[in-house]
Each structure stands twice: as C-alpha cells, then as structure tokens.
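The block underneath contains the structure these notes are about, expressed in structure tokens.
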Amino acid sequence: MQTFLNTVNGQPVAAGKTFDSLNPATGEVIAKVACSSREEVDQAIATAQKAQPAWAALTDAQRRAYLIKIADAIKAHAEPLAEWVTREQGKPLGGDGRGSVPGSRFELMGCEGWTRATAAIDVPVEVVFENEQRRDEVHRQPYGVVAAIAPWNWPLLIAMWQIVPSLRMGNTVVIKPSEYTSACSLELFRLIAEVLPPGVLNTVSGFGDVGGWLSDDPRIGKIMFTGSASTGSKVAAAAARNLTPTTLELGGNDAAIVLPDADPESIAMGLFWGAFLNMGQTCACVKRLYVPDSLHDQIVAALAKLAGAMPMGDGMLPGTAMGPIQNRMQFDKVARLVEAARSAGATIVCGGQPSEGPGNFYPLTLVTDIKDGNPLVDEEQFGPVLPIIRYTDVDDVVAKANRLDVGLGASVWSRDAEQARAVAMRLQAGTVWINQHGVIHPLVPFGGSKRSGWGVEFGVEGLKSVTRPHVISMQKS
Ligand SMILES: NC(=O)C1=CN([C@@H]2O[C@H](COP(=O)(O)OP(=O)(O)OC[C@H]3O[C@@H](n4cnc5c(N)ncnc54)[C@H](O)[C@@H]3O)[C@@H](O)[C@H]2O)C=CC1
Ligand SMILES: O=Cc1ccc(S(=O)(=O)O)cc1
C-alpha cells in the first residue's frame, strides 16, 4: 500500500508515524499517510522561512510564470489526481464540461483554472494621493510564511485557493491538509513543489495537534484557515497570541429564498445543485430553502424528481452522480439532524434512511413541514439534506434568513431581477446570488459575514489579503 509523504525543501520526508486514509464508499483503507512530528512542523516552517526572501525577490512576472507551470502540472496529472480525490473524498469522477456531474474532474479543472486566473490578475501600485507637494503610493509586501490549513470537502480546490495567491504575492507556504483527505492532497502538493524552487511549498500532515503547532508558531506571517467555526476560533486564539493576521473561511447556513413570481420548473435544477453540490458538503450550499405557500408543492415535487434521478454509489463507477458522505463524523451529524426533524413531526419527502452496507451512503433527503428553530434548520447540516420551509410574507422571510449568527452566502430566486436585488440587499451574507447559488468565480471576492469568517479570498482583494500595504510617501518640492 502506498504511503503518502510530506514534501519539505523539495524533498520527501521519511515517514515516522503514519495514519490510515479510508475510502468513504467502501470503508477500506486505501493509503497510509505520514503524520508529522512537532520537529517536522518546526523544520517545515524553518525551510519556508529560509526560502522566502529569494522567492519574494523574483519579479512578479517570474512568479506568474511559476503559477503557469503549476497550472500545466495540474493539467498533466489531472486524471490520476481526480481518481485519488474520488477514492478518498468520495465525490464522483463526473465530468468537466457543461451539463456533466460536478465531481473530481470538475475540482481538478477548478484547480487549474483558478491558478491561471490568479496568475492573470494585476495588482497595480495605487497612487492614493498626489498634489504638487507629495505623492503617496501603496505597494504590497508579502507577509513571509503563510500557514495554510485545509478542509476535506474540496481538498484540492480549497488548498489551491490558499496556496496560489500566497505564492503569487511572494510568500512561501506550509500547508496542512485535512486528516480525512491527506493522500490526494499530498500528491497534488508534491507535484506542485516539483515545479517550484525548493522550500517554496512545504507540507505537514496529521490531526488537530499538527494544525495547532503550525498556527501557533510566531514565525508564521499569515494564517489561512478553512474549516469549522470551532476550530477557526482555536486558530484565531493562537493568532491572537502571536498577532498573526488571519483569514478564516468557516461554515455557513445559507438561505435560499424563492419569491412568489419564480418559475418552479426553470429554477429547480439551479436550486438542486445549489443544495446538493458535493452531497451538500460545500460551505456555500443552500442549507435552508424558503418557498412561498403558493409554490411549495410544485418546488418540492420538482426537487424530489431530480433527487430521484441521481444515481448514488461509488464515484469510480461510470454513471454515478452522487457519492458517499466523506466521513462518519459528518454522516452521524446528518443522521442525527434528520432524526430530530422526524421526531418533531417533519415530513421526510424522500431519503431519510441511511443505506445498508459498507460506505457512508446517505440518500438525498428533502424535509418539509419544518420550521425555524428545528436543529435541522438552525445547524449547518453539511450533507445531502435540505429543509424546505414555507413562508407567506417577504419581510418575515428576510428576518428568518438573517436570524442566525452565520452569513456566508444566500440567494434570491425570481423572474424580476430588480425585485430580487431589493431582497438581496437586505440579506446578511458575504455573497447573495440571484437565480444561482454558490457559483463562485476566481475574480470575485468570496468570504463570510458574521461568524462565517474573516476576510475574503479571490480576485484582487484575495491577493491583497496575503500582503501588507507598504506606503511610499514622497515629498515633491
Ligand atoms: N468553510 C468551509 O469551507 C468548510 C467548513 N466546514 C465545516 O466544518 C465542519 C467540520 O469539518 P472539518 O474538516 O472536520 O473541520 P475542522 O475545523 O475540524 O478541520 C479543518 C482543518 O483544521 C485542522 N485542525 C483541527 N484542529 C485544529 C487546531 N486546533 N488548530 C489548527 N488546525 C486544526 C484539521 O486537521 C483540518 O485540517 C463541517 O461540518 C462544516 O460545517 C468543513 C469544511 C469546509
Ligand atoms: O464550485 C465549487 C465550490 C463552490 C464552493 C465551495 S465552498 O463554499 O468554499 O465550500 C467549494 C467549491
């Protein structure tokens, strides 16, 4: 069985302790993964620190050229990487074209596309003030070593969102993948490190303690964390001790509001994938669907029809549209929330019973006759379950959408763009989509409001977030 190793200074690090990586579709052990010791974390940070000045001294054009090499390497290895993602994360291989199931190949296409798009962004020097006496320019300087801590839901894509902007702006990186998806991640990082100067991208792996050692190190110039709010708050506490600037991308509980003029048939597919992309294991998935009384039955029927048409199984098998839940912790959470809803009298329209046999398979589940306050509505399920809640009054539904302490995304669905925009403007979320949900873009800032995070990723703002401003202020006369 293959053991996946860390890469430090461009070299594999011999494994001391290892842990198992499981296939969520079968429960089988598919790989061994090195577990970093405290000394190895220390060494990875020291290596990144040593390599950083030379990396920052390259011109922006040279670093952009490295990003293109990274994109080319991803493209060249996309298929085996996609297979590892499917075996370890569970999402189906799917396709990479319009109309195909968005699975591992889609994730790899995103990794490549995001890298190329980030290489193409300009971050010009800003002249913020100029008159006859003075000129003030804002340049950007890298923070130094970025500590990146990644989750298991989109293990490669989210890691790329941390690595690529950091490198582009002259930082070096130490990244820790989730313990649930380390094999596919370490393989990607190894391939990327191969095309970079030694020490520019380094990896550590293991459990929460490894993430803790990394985020609590005073040599770290910037932390980029994606994961749960509870871990995010531990990372923030470590960052506070060292005064380390930190970006946090945490969970959400996105509301989608269908307005009474919407056409159920034409929005059903967008709502479906908005809720069930990656089996709902996506931060910016619809987690609560609010529908007007007048459209309730039509929307429920249209979503149930789509749910019934999605074959679920091992993502390596052709034709699979939906895979397993990635891990038992998440599976148990989903099962508990559905049971809580059922015992409170909710209707389980479809799904609701875990499949027999090996693997973390949980059917696509639609739940109606449920209200705000039920744990299935109020807690982020992060799985293949969607509560559908009736409403009659738009002011009331806006208040419901805004009542939780998280605010990553939200969406409004209507035939009338202006009416939808007016509702969108009242929603408390980092992004409010209209007639789509979770459709992120490499040039558009993405981040949470309230307790869904700190800061944004993507676009110019994302690049600025891995730098500090450096003001050059000149007297002219
Ligand atoms: N915003 C997002 O993109 C994501 C949010 N989530 C949310 O998080 C929940 C649990 O997902 P997990 O991946 O288990 O999240 P998690 O927060 O437990 O883990 C995320 C990463 O943090 C690391 N970590 C754990 N303890 C740490 C510590 N004390 N210091 C530093 N790093 C530490 C983990 O090893 C992993 O690499 C989900 O139910 C979902 O609600 C999960 C994945 C992505
Ligand atoms: O399209 C892919 C995609 C969309 C959202 C996210 S998350 O919200 O950051 O989890 C991940 C991948």
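For clarity, every value in this text was computed on a predicted model and none was experimentally measured. Counting starts at 1 for both ligands and their atoms, in listed order.
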min-distance protein heavy atom vs atom 35 (O) of ligand 1 -> E179 OE1, 2.6 Å
Is there at least one pair of N or O atoms, one from M329 and one from ligand 1, spaced under 3.5 Å apart? no
What atoms of ligand 1 come closer than 4.0 angstrom to any heavy atom of W152? 11 (O), 12 (P), 13 (O), 14 (O)
Salt-bridged, E339 to R336, with N to O below 4.0 Å? no
Mark up the atoms of ligand 1 that fall under 4.0 Å of a heavy atom belonging to G211, in ascending order. 30 (N), 31 (C), 32 (N)
Specify the protein heavy atom at minimum distance from atom 23 (C) of ligand 1: its residue, its atom name, and the distance to 0.1 Å. I149 CG2, 3.7 Å
Check if F225 has a non-hydrogen atom at a distance under 4.0 Å from any atom of ligand 1. yes
Taking R288 first and then D254, would you say they form a salt bridge - that is, a charged N and a carboxylate O separated by under 4.0 Å? no
With a cut-off of 4.0 Å, which atoms of ligand 1 are near a heavy atom of C283? 1 (N), 2 (C), 3 (O), 4 (C), 5 (C), 44 (C)
Run the ring-centre check on F19 versus F207 and record whether the distance is less than 6.0 Å. yes
Would the number of heavy atoms belonging to other residues, nucleotides or ligands and lying under 6.0 Å from CE of M425 be above 12? no
Quick one: does T226 get an N or O within less than 3.5 Å of an N or O on ligand 1? no
Contact set, ligand 2, heavy-atom distance under 4.0 Å, ordered by chain/number, equals F106, N153, W154, L157, W161, L277, T282, C283, A284, G438, I440, F446
Got a salt bridge between K464 and E461, using NZ or NE/NH1/NH2 to carboxylate O under 4.0 Å? no
Side-chain atoms of residues 149-159: list all donor-acceptor pairs with protein atoms under 3.5 Å, sequence neighbours left out, distances to 0.1 Å.
residue : atom : partner : partner atom : Å
N153    : ND2  : Q281    : O            : 3.2
W154    : NE1  : T282    : OG1          : 3.0

With sequence neighbours left out, the residues meeting side-chain hydrogen bond (donor to acceptor under 3.5 Å, both in side chains) with Q326 are none
Which heavy atom of the protein is the closest neighbour of atom 30 (N) of ligand 1, given with residue, atom name and distance? G212 N, 3.4 Å
Tell me which protein heavy atom sits closest to atom 37 (O) of ligand 1, plus the residue, atom name and distance to 0.1 Å. A150 O, 2.9 Å
Residue E380 vicinity, atoms of ligand 1 by number, heavy atom under 4.0 Å: 40 (C), 41 (O)
For ligand 1, which atoms have a heavy atom of K234 less than 4.0 angstrom away? 29 (N)
side-chain contact (heavy atoms from CB on, under 4.5 Å) partners of E265, counting only residues at least two apart: D263, A302
Is the W413 to Y290 ring centre distance short of 6.0 Å? no
Hey, does A238 sit under 4.0 Å from ligand 1 if you only count heavy atoms? no
Check: G352 main-chain N/O paired with R342 side-chain donor or acceptor under 3.5 Å: yes
Are more than 12 heavy atoms, taken from residues, nucleotides or ligands other than M269, located less than 6.0 Å from that residue's CE atom? no
Is the shortest N/O to N/O distance between Q330 and ligand 1 below 3.5 Å? yes
Flag the pair E379 and K333 as a salt bridge only when some basic side-chain nitrogen lies within less than 4.0 angstrom of an acidic carboxylate oxygen. no
Would you mind running through ligand 1 and noting each atom that sits below 4.0 Å from a heavy atom of E249? 1 (N), 2 (C)
Counting only heavy atoms, tell me which of P151, G206, S228 gets closest to atom 16 (P) of ligand 1. S228
Residue, atom name and distance, where the atom is the protein heavy atom closest to atom 5 (C) of ligand 1: G227 O, 3.3 Å
At less than 4.0 angstrom from any non-hydrogen atom of L250, what atoms of ligand 1 do you find? 1 (N)
Side chain to side chain donor-acceptor pair (under 3.5 Å) with K222: which of T467, N171, T247? T247
I'd like the name of whichever of V235, V334, T231, T181 reaches closest to atom 19 (O) of ligand 1 through any heavy atom. T231
For the residue pair W161 and W114, does the interplanar ring angle fall in the parallel (under 30°), tilted (30 to 60°) or perpendicular (over 60°) class? tilted
For atom 28 (C) of ligand 1, what's the nearest protein heavy-atom neighbour? Residue, atom name and distance, please. G208 O, 3.5 Å
Can a salt bridge be assigned to the pair D216 and K234 using a cut-off of 4.0 Å between side-chain N and carboxylate O? no
Could you check whether D72 pairs with R116 (Lys NZ or Arg NE/NH1/NH2 to Asp/Glu carboxylate O, under 4.0 Å)? yes
For ligand 1, note which part of S230 has a heavy atom under 4.0 Å away: side chain, backbone, both or neither. neither
Assess whether a salt bridge exists between D405 and R451, defined as any Lys/Arg side-chain N lying under 4.0 Å from an Asp/Glu carboxylate O. yes
Going by the order shown, which atoms of ligand 1 are within less than 4.0 Å of some heavy atom of G251? 1 (N)
